[in-house]
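When reading the values below, keep in mind they use all heavy atoms of this one structure, side chains included, and skip hydrogens, waters and symmetry mates.
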Amino acid sequence: MLCLRNVGYVRDGRRILQGINMTFREGMSYSILGPNGAGKSTIARIIMGELKPTSGQVLFDGSDITELGVTERARLGISMAWQYFTDYEGIRVREYLTLGGKLKVGEDEIREALELVGLPYELYAGRFIDKTLSGGERKRVELASLLLLKPRYAILDEPDSGLDITAGELVEELLDRFKKAGTTVIIITHHEEIAGKTDFAYFLCAGRLVKKGFSREVVDYYRRTCGRCLFVEGSS
């Protein structure tokens, strides 16, 4: 089980997160939902170990991992598909998916992962990961890499960012495949349609946890609450 306990984060004197408590149980899918600037991606980076919280703890199977970095957490089985994909000059898609050959998977598995995310194997397995790939294509490659890695926890930061109108269908397929592999998924999103596809949701606003519960209930609350805020802003 993965938990955040009273997590806070301050940057440049500005409070980004305050008193965040979240629990992620194995065998379920989760979304962290909220408007832009709510602190969602900051939570993802804290879970992954890229950022250390100013206060509070990150617990994994009852152990405090707050001080562990990205590499140590990856070894524990926590992985993340970042919102913005890094270019890897000189590395082909196949090499990236297999961690340079360290991940022992067959060509059939590579083919299946690529085609599940909408990338034909024959066209992409041998291509270089560079700027000849679009942002959406690179995002799909990273999602395929998580499918092959089969981590205990997979964090997807805005998985539909840069993708086309089929993104919702892709997220559904990913959730189903991860569930079959025993991976717990945490989706960071500001789209209620994406959040509604998970089992459980946390609604974050202005760095605070506003509501938690079954995703459909939280999504309904999000629509009512954020819709009202946008109306007030637009009429001022």
Side-chain angles (χ1 to χ4, degrees), residues 29 36 40-51 68-191 194 197:
S29 59
N36 290 331
K40 306 183 303 297
S41 291
T42 300
I43 289 178
R45 294 168 70 190
I46 286 174
I47 293 174
M48 194 62 241
E50 186 187 15
L51 294 177
L68 297 186
V70 173
T71 302
E72 291 85 357
R73 296 193 194 193
R75 291 190 182 119
L76 290 174
I78 305 172
S79 295
M80 181 168 170
W82 308 92
Q83 182 176 1
Y84 301 106
F85 190 84
T86 303
D87 288 326
Y88 294 91
E89 299 291 339
I91 297 179
R92 296 182 188 274
V93 170
R94 182 186 288 103
E95 293 174 279
Y96 180 79
L97 295 179
T98 61
L99 306 178
K102 294 179 182 178
L103 186 63
K104 302 304 179 184
V105 294
E107 287 298 313
D108 287 344
E109 292 176 88
I110 295 173
R111 178 189 297 273
E112 184 178 13
L114 283 174
E115 296 193 348
L116 188 142
V117 300
L119 300 178
Y121 171 84
E122 288 79 7
L123 296 179
Y124 286 91
R127 286 185 65 175
F128 285 104
I129 299 179
D130 54 25
K131 290 184 171 57
T132 63
L133 293 180
S134 70
E137 288 171 327
R138 284 177 280 173
K139 172 64 72 68
R140 290 173 188 268
V141 169
E142 187 164 17
L143 292 172
S145 74
L146 279 186
L147 287 171
L148 289 171
L149 192 59
K150 300 176 184 176
R152 283 183 62 186
Y153 288 85
I155 308 163
L156 311 184
D157 191 6
E158 302 286 355
D160 57 320
S161 175
L163 301 184
D164 54 27
I165 58 174
T166 65
E169 296 176 8
L170 173 57
V171 170
E172 281 192 36
E173 292 177 356
L174 287 170
L175 287 172
D176 181 64
R177 186 58 59 93
F178 278 125
K179 185 174 184 178
K180 289 177 180 176
T183 296
T184 297
V185 179
I186 304 169
I187 294 180
I188 310 297
T189 186
H190 63 275
H191 289 138
I194 299 297
K197 298 179 186 300

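- Contact between Leu147 and Leu174 at its shortest, heavy atoms only, is CD1-CD2, 3.8 Å.
- For Leu175, the side chain to side chain contact (heavy atoms under 4.5 Å, CB included) partners two or more places apart in sequence, or in a different chain, are Ser29, Val171, Val185, Ile187, Lys197, Thr198.
- Glu142 places no side-chain N or O within donor-acceptor distance of the main-chain N or O of Lys139, the cut-off being under 3.5 Å.
- When the side-chain hydrogen bond (donor to acceptor under 3.5 Å, both in side chains) test is applied to Glu173, no partner is found at least two apart in sequence or on another chain.
- The two atoms that bring Ile155 and Ala44 nearest to each other are CG2-CB, 3.9 Å, heavy atoms only.
- Using a 4.5 Å cut-off on side-chain heavy atoms (C-beta onward), Tyr124 and Leu133 make contact.
- Contact annotation: the side chain of Phe178 approaches that of Leu146 to within less than 4.5 Å [non-hydrogen atoms, C-beta and beyond].
- By the 4.5 Å heavy-atom criterion applied to side chains, Arg177 and Lys150 are not counted as neighbours.
- In this view, Arg127 satisfies the salt bridge (charged side-chain N to carboxylate O under 4.0 Å, His left out) rule with no residue, not counting sequence neighbours.
- Counting only N and O atoms by type, the side chains of Tyr121 and Glu112 include no donor and acceptor under 3.5 Å apart.
- For Glu72, there are no salt bridge (charged side-chain N to carboxylate O under 4.0 Å, His left out) partners at least two apart in sequence or on another chain.
- We find the CG-CE distance between Leu68 and Met48 to be 10.5 Å, quoted to the nearest 0.5 Å.
- Atoms CD1 and CG, on Ile110 and Leu148 in that order, are 6.5 Å from each other to the nearest 0.5 Å.
- Proximity of Met80 to Ile186: side-chain heavy atoms (C-beta onward) are nowhere separated by under 4.5 Å.
- Side-chain atoms of Tyr96 and Ser145, non-hydrogen and from C-beta on, do get closer than 4.5 Å to each other.
- Partners of Glu50 under the side chain to side chain contact (heavy atoms under 4.5 Å, CB included) rule, at least two apart in sequence or in another chain, are Arg45, Val70, Trp82.
- Glu158 and His190 share a donor-acceptor pair across their side chains, judged by distance under 3.5 Å alone.
- The backbone N or O of Pro151 lies less than 3.5 Å from a partner atom in the side chain of Thr183, making a donor-acceptor pair.
- Nearest heavy-atom pair across Leu97 and Val141 is CD2-O, 3.5 Å.
- The closest side-chain heavy-atom distance from Leu76 to Arg152 is not below 4.5 Å.
- With sequence neighbours left out, Arg73 forms a side-chain hydrogen bond (donor to acceptor under 3.5 Å, both in side chains) with no residue at all.
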